[in-house]
Protein chains: 2
Amino acid sequence: MASQQKTSRKAAAAAIRRPQARAANGRAHAGDAGDDIGLDALVGHAGYAVRRFQLWIFQDFIKTLATVDIRPTQYSVMTVIGANPGLSQMAVAKRLGIERARLVHLLDSLEERDFVSRIPSATDRRSHALHLTARGRSALAQFKRLAAEHERHVADKIGKDNRERLLQILACFT
Amino acid sequence: MASQQKTSRKAAAAAIRRPQARAANGRAHAGDAGDDIGLDALVGHAGYAVRRFQLWIFQDFIKTLATVDIRPTQYSVMTVIGANPGLSQMAVAKRLGIERARLVHLLDSLEERDFVSRIPSATDRRSHALHLTARGRSALAQFKRLAAEHERHVADKIGKDNRERLLQILACFT
DNA sequence: TATTGTTATACTCTATAACTATA
DNA sequence: TATAGTTATAGAGTATAACAATA
């Protein structure tokens, strides 16, 4: 998709290392010490703030659920299956905006850990009805407690009211 | 890091395909038609809403700047260099929360397109002072106009006031 | 010894395409 | 022919580790 392709990365890098006279500034480098590095247009972009926020929030989720080794996407899959037993893989993939090819691997790992089972559909032999196992149900209950703890971290970080406002603003994306 | 590893994905999949009697439900599948699939705990999680929002916002950014073939991270790198000429790679990486190893490749591609140049530092021969080229400066001006258009799409989607509120709430992450 | 830029590796995620077995 | 699940591949993105040149 890129309009230009990797032509001569090595050659370019070598050329760079060849000293070309001219120093940049009097001081060593801008931003070397106290970080007064401006973001310019970036501060006005919702996407930049949202990206940084998402990095933080996912890292906290992963850390908070590290003892049970569950990542955000795995949690979302188990939650939706738990709330809607019998769903097909296509239905779960569509609902969560996950590629169906990727869901295959996610379910493989959840099935290996005996959290989820793929039961042949009675009506359509191409598809599987997804269910939590007994172990999966009790595990999910624990995951939800840990996820609630993570959610409290979010509230601590941005403020309880701001978290509520955020959920309202973004409700149209869920 | 995962506590359990890929043991027998193939074997498990094969076992699944073996018909195991028992149908799931009377109806075909939950959620096959009208999507009344509940999200359960997910609706209360800021991380889920933020993830969905970020997918939307990045896709719109990429689409809006497709004609110039610039992605969000490339835009953020050029913007920061444009606002702070002479920055080292470490400084840019730290400021934007990008791995310095990844920034190497990002700069390679931006340098190949003659948007950015790595100038040997006068004071520290290990590091480079990053600058936009003349071409990079005029290109960035155009990218900013397109990014502003993208930002209007965001405002259209969630509302002008909500966008402002969002930026305020997430200001601590920039 | 520590740091800068670089290279390399591995794993996650996204985006496709193609295959099979069904419908 | 179309769809569900699967497999495979390629490209971003993230997380590391290690190396050479330099501090």
Side-chain angles (χ1 to χ4, degrees), chain A residues 1-2 5-6 9-10 12-14 16-17 19 28-29 31-33 51-52 54-56 58-59 62-63 69 71-74 76-77 87-94 96-109 111 118-130, chain B residues 1-2 5-6 9-10 12-14 16-19 28-29 31-33 51 54-56 58-59 61-63 69-74 76-77 87-94 96-109 111 118-130:
Chain A
M1 304 312 171
Q5 284 309 351
K6 41 205 64 175
R9 188 189 294 174
K10 289 291 176 56
I16 295 316
R17 266 185 292 274
H29 274 303
D32 266 4
R51 170 182 162 254
R52 299 297 300 243
Q54 222 223 289
L55 287 180
W56 184 90
F58 266 51
Q59 276 165 13
I62 292 167
K63 202 194 315 167
D69 190 28
R71 297 171 61 85
T73 312
Q74 297 175 306
S76 69
V77 169
L87 239 40
S88 71
Q89 296 185 192
M90 273 304 293
V92 170
K94 261 190 222 159
L96 292 176
I98 300 172
E99 286 296 319
R100 71 185 201 274
R102 200 184 147 225
L103 186 60
V104 171
H105 302 297
L106 285 166
L107 290 174
D108 284 348
S109 80
E111 205 167 32
R118 288 187 253 221
I119 297 176
S121 165
T123 54
D124 186 341
R125 289 167 61 197
R126 291 173 304 181
S127 75
H128 301 151
L130 300 172
Chain B
M1 301 316 172
Q5 285 308 353
K6 40 205 66 177
R9 188 189 294 174
K10 292 289 178 57
I16 296 314
R17 266 186 293 273
R18 207 183 311 130
H29 276 302
D32 266 2
R51 170 181 163 256
Q54 221 223 285
L55 287 180
W56 184 91
F58 265 51
Q59 276 164 13
F61 187 100
I62 292 167
K63 203 195 316 170
D69 191 26
I70 284 290
R71 297 172 61 85
T73 312
Q74 297 175 306
S76 70
V77 168
L87 239 41
S88 71
Q89 297 186 192
M90 272 305 293
V92 170
K94 263 190 219 157
L96 292 176
I98 299 172
E99 286 297 319
R100 73 185 199 274
R102 203 186 144 222
L103 185 60
V104 172
H105 302 296
L106 285 166
L107 289 174
D108 283 347
S109 80
E111 206 167 31
R118 288 186 253 220
I119 297 175
S121 166
T123 54
D124 186 341
R125 290 167 60 197
R126 291 172 304 180
S127 74
H128 301 152
L130 300 173

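Quick note on labels: first sequence line is chain A, next is B, and so on, each numbered from 1. Fair warning: this is a prediction, and the values are worked out from it, not measured in the lab.
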B:Gln54: partners by side-chain hydrogen bond (donor to acceptor under 3.5 Å, both in side chains), with sequence neighbours left out: none
Please list, chain by chain and in numerical order, all residues satisfying side-chain hydrogen bond (donor to acceptor under 3.5 Å, both in side chains) with A:Arg126, sequence neighbours excluded.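 Counting only residues at least two positions away or on another chain, A:Arg126 forms a side-chain hydrogen bond (donor to acceptor under 3.5 Å, both in side chains) with A:Asp124.
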In whole Å, what is the span from the [atom1] atom of [X] to the [atom2] atom of [N]?
| X | N | atom1 | atom2 | value |
| --- | --- | --- | --- | --- |
| B:Leu103 | C:dA8 | CG | P | 18 Å |
| A:Asp108 | C:dC11 | CG | P | 16 Å |
| A:Leu107 | D:dA4 | CG | C1' | 13 Å |
| A:Gln74 | C:dT12 | CD | P | 9 Å |
| B:Leu106 | C:dT6 | CG | P | 12 Å |
| A:Arg71 | C:dT12 | CZ | C1' | 7 Å |
| B:Gln54 | D:dA12 | CD | P | 17 Å |
| B:Lys94 | C:dT3 | NZ | C1' | 9 Å |

If the condition is salt bridge (charged side-chain N to carboxylate O under 4.0 Å, His left out), which residues does A:Arg71 pass it with, not counting sequence neighbours?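 Testing A:Arg71 for salt bridge (charged side-chain N to carboxylate O under 4.0 Å, His left out), a comparison that skips the adjacent residues, returns none.
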Please identify each residue that fulfils salt bridge (charged side-chain N to carboxylate O under 4.0 Å, His left out) with A:Arg100, with sequence neighbours left out. none
Would you say B:Asp108 and B:Arg118 make side-chain contact, with heavy atoms under 4.5 Å? yes
Taking the side chain as every heavy atom from C-beta outward, state whether A:Ile119 and A:His128 have any atom pair closer than 4.5 Å.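 Not in contact.
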Looking at C:dT6, I'd like to know if its phosphate oxygens (OP1 or OP2) sit under 4.0 Å from a side-chain N or O belonging to B:Gln89.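 B:Gln89 to C:dT6 OP1/OP2: side-chain N or O found under 4.0 Å.
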Please encode protein proximity along nucleotides 14-23 of chain C as a string of B, S and -, counting only heavy-atom distances under 4.0 Å. BSB-B--BBS
For the side chain of A:Met90, counting heavy atoms from C-beta on, which of D:dA12, D:dG5, C:dG5 is nearest? D:dG5
For A:Leu103 and A:Met90: C-alpha separation, side-chain torsions, deciding distance, then whether side-chain contact (heavy atoms from CB on, under 4.5 Å) applies. CA-CA 9 Å; A:Leu103 186 60; A:Met90 273 304 293; over 6 Å; no
Of the non-hydrogen atoms in B:Leu87 and B:Ala91, which two are nearest, and what is the gap between them?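 In this case the closest contact between B:Leu87 and B:Ala91 is CG-CB, 3.9 Å.
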Tightest non-hydrogen contact, residues A:Leu96 and B:Arg51, listed as O-NH2, 3.5 Å
Angle by which the axis turns from one end of the helix from C:dT1-D:dA23 to C:dA23-D:dT1 to the other, five pairs per end, to 10 degrees: 10°
